[in-house]
Protein chains: 2
Amino acid sequence: MKAKKEITIYDIAKKLKYSPSTISRALNDHESISKNTTLLIKKVAKEMGYRPNSLAASLRNNKSKTIGIMISRINRPFVSSLISGIEETARKAGYNVIISQSNDKYENEVINAETLYNSRISGLIVSLSMETRKLEHLRRFMDQGIPIVFVDRVPDELDIHKVIIDNYTAGYKATQHLIEQGCSRIAHFAGAQHRNVYRERKKGYLDALKDHHLPVDNDLIVSFKSLSFGEGEKATRNLLDLPQPPDAIFSANDTAAVSAIMYAKKRGIKIPEELAVIGFNDDPIASIVEPALSTVIHPAIKMGQISAQRILQHAAEEDENNSPEVTVLPTELLIRDSSKKKA
Amino acid sequence: MKAKKEITIYDIAKKLKYSPSTISRALNDHESISKNTTLLIKKVAKEMGYRPNSLAASLRNNKSKTIGIMISRINRPFVSSLISGIEETARKAGYNVIISQSNDKYENEVINAETLYNSRISGLIVSLSMETRKLEHLRRFMDQGIPIVFVDRVPDELDIHKVIIDNYTAGYKATQHLIEQGCSRIAHFAGAQHRNVYRERKKGYLDALKDHHLPVDNDLIVSFKSLSFGEGEKATRNLLDLPQPPDAIFSANDTAAVSAIMYAKKRGIKIPEELAVIGFNDDPIASIVEPALSTVIHPAIKMGQISAQRILQHAAEEDENNSPEVTVLPTELLIRDSSKKKA
DNA sequence: TTGTAGGCGTTATCAT
DNA sequence: ATGATAACGCCTACAA
């Protein structure tokens, strides 16, 4: 079974007695070709079963209509929603999307960066791995003028494109909400502090305590490695075993928050009366656990869409007005039963 | 800021006084080049900062080292795990992965197929959209000898590559388990019957009833459009309002199963005593709902890995021994509290 | 408005 | 073991 020969612009040219360049231009809606000719050529191309070879075009332009994505792991609710938004937007604009997972290892991120670079992507969307602390592996893209948009887990550098949420305010509001419920010993499940998202959430927590004249008790601030379910259970046990246990927890993600609820319930602790809990992300599990978990809503799909738009817009611009833009999306406090003490 | 010029094999050739062909061969570990020369060339290439242009290679070979994926939606636990497995395996082999979402629309699937085809992917992994009933949009790939592997939601055709689970047996065992718990009026939440996965699960359910001499009551078989949470609640309400309500539910997915548990609890129904429930997939929500949901475990990541391997292996083979392989992976019944009536 | 010609970077074929 | 050359399909100065 031999593969059938592909139709090229040369075949169309021959048939129509035009030159290949005319065909090429018509197919790309070049203005210098008359409306009629363009229409005719497109019609015949379709009839002949012509398929543009994007590889050839990419080689010629040294740019493939492709957006690369670097993320930690696909199979997490937030990340897969993010990708969904990117894919949707990119595809509408005729771009492909290549994904690469770092599994939160810096080493993998470096390798993936190289592969994507060699694929001549026209833009890169990055959410940093947990380990990543330097950006040298991304320098190449910047040097070549390939736009990079960082999203969610971003570096601290100022002169780069970012699409983020206001983690600080979200952390502040979540904590404030707990205070308003009458809680005064509020624990915090904190993620790795070199990652902006977790650092900012903690900052918001600390400032909320201060602004409301509550003491900061370091025993109540638990440093997590990965905010996993197991870690959450252990942390909750330690907290509940304290001479003065907390009356609330603000967790930097939902997984750990849910584990806290489930563990505390097992110990006979009443949620939210004895322990109010609030999480972050609104993962599906948040609305299933009982009592339902209050949390911070993350506009994941929208973040993806905006990131992709940013890339597309740069790809379109010939000129180089590369003023880095930072988009900060609003979050929303979603109060469910796990934190409602009164009423 | 001008983009720096890229190093090509010509640059290396000039520097080393070899011909470009020798450089190319050395870089690809061609056997006809001596060990020493190969080593030298690779060393210098690295020093000069050479990056292979995979676009050019792809054009030349009319094949890009890329695997295309067509799925319904990325942001679902099963699908994102599947992709994760594919990506991991493909990347190790030096392949990129392009994703495209159909959002369960046939129309989108057709467009995506065309785009992927034009990208000269070397293989395609497909999980069909809910709507898809014909495969014409995939014919092109077959005609060109581009391997397609169908996964999970597959067509009924026999002469194609498939990676699936044994939905029939899973459905049978799930139902049988409920019967063993003493249930006799077992309802079924059924998905669209033109999709193999749901049809087979239902078949297993029906046969289990028959084999255990239980009557099939059509009032207890609910046809779902999308097995969503809302649909699940409604179906459960209708079932519980029946003159003779069911004493168990086997749901074709976890979302609907969880919704049934939560709704029934609200009505004061005891789970599992009055209503045993079992789902399908082991989504994260399954272990969070209370009582924890019994379910069928789906080896999603593994299915992805195997699918990718199948593509890679075909890409490697020069010859055309295209005997279609069907891989059926085992599932496992995971019994949690939602279905344990005794002990 | 359309045509000509050269090149994007690589690899395969044929020669040496 | 290595080299010369043509081709992959497209795009874009430049020319007409």
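Computed from a predicted model, the values in this text were never measured in an experiment.
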message = Quick check: on DNA chain C, is the nucleotide nearest Ala57(B) upstream (toward 5') of the one nearest Arg25(B), or the reverse? Name the residue that is more 5'.
response =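 So the residue in question is Ala57(B).
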ask   = Nearest nucleotide by nearest heavy atom, which residue falls closer to the 5' end of DNA chain C, Ile7(B) or Thr22(A)?
value =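 So the residue in question is Thr22(A).
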Closer than 4.0 Å, any side-chain N/O of [X] to the OP1 or OP2 of [N]?
| X | N | result |
| --- | --- | --- |
| Thr8(B) | dG9(C) | no |
| Thr37(A) | dT2(C) | yes |
| Ser24(B) | dT11(C) | yes |
| Tyr18(A) | dT2(C) | yes |
| Asn28(A) | dC11(D) | yes |
| Ser21(A) | dC10(D) | no |

For the side chain of [X], starting at C-beta, report the closest nucleotide among [options].
| X | options | value |
| --- | --- | --- |
| Arg60(B) | dA7(D), dG3(C), dC10(D) | dA7(D) |
| Asn53(A) | dG9(D), dT11(C), dT2(C) | dG9(D) |
| Leu59(A) | dA5(C), dC8(C), dA4(D) | dC8(C) |
| Tyr50(B) | dC11(D), dT10(C), dG9(D) | dT10(C) |

N-O pairing of [X] and [Y] below 4.0 Å:
| X | Y | result |
| --- | --- | --- |
| Glu109(A) | Lys105(A) | no |
| Arg25(A) | Glu31(A) | no |
| Lys162(B) | Glu325(B) | no |

message = Using a heavy-atom cut-off of 4.0 Å across all strands, would you classify Ser34(A) as base, sugar-phosphate, or nothing?
response =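 Sugar-phosphate contact only.
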ask   = Under 4.0 angstrom, heavy atoms only, what part of the nucleic acid is Lys17(A) near: base, sugar-phosphate, or nothing?
value =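 Sugar-phosphate contact only.
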Pair Arg76(B), Ser80(B): side-chain N/O donor-acceptor within cut-off below 3.5 Å =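 No, because no side-chain N or O of Arg76(B) sits under 3.5 Å from a partner of the opposite role on Ser80(B).
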message = At 10 degrees resolution, what angle do the end axes of the helix from dT1(C)-dA16(D) to dT16(C)-dA1(D) form when each is taken over five base pairs?
response =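 Inter-axis angle at the ends, rounded: 30°.
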task = Would you mind telling me which residue lines up with the more 5' stretch of DNA chain D, Ser54(A) or Ile33(B), judged by nearest nucleotide?
result =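 So the residue in question is Ile33(B).
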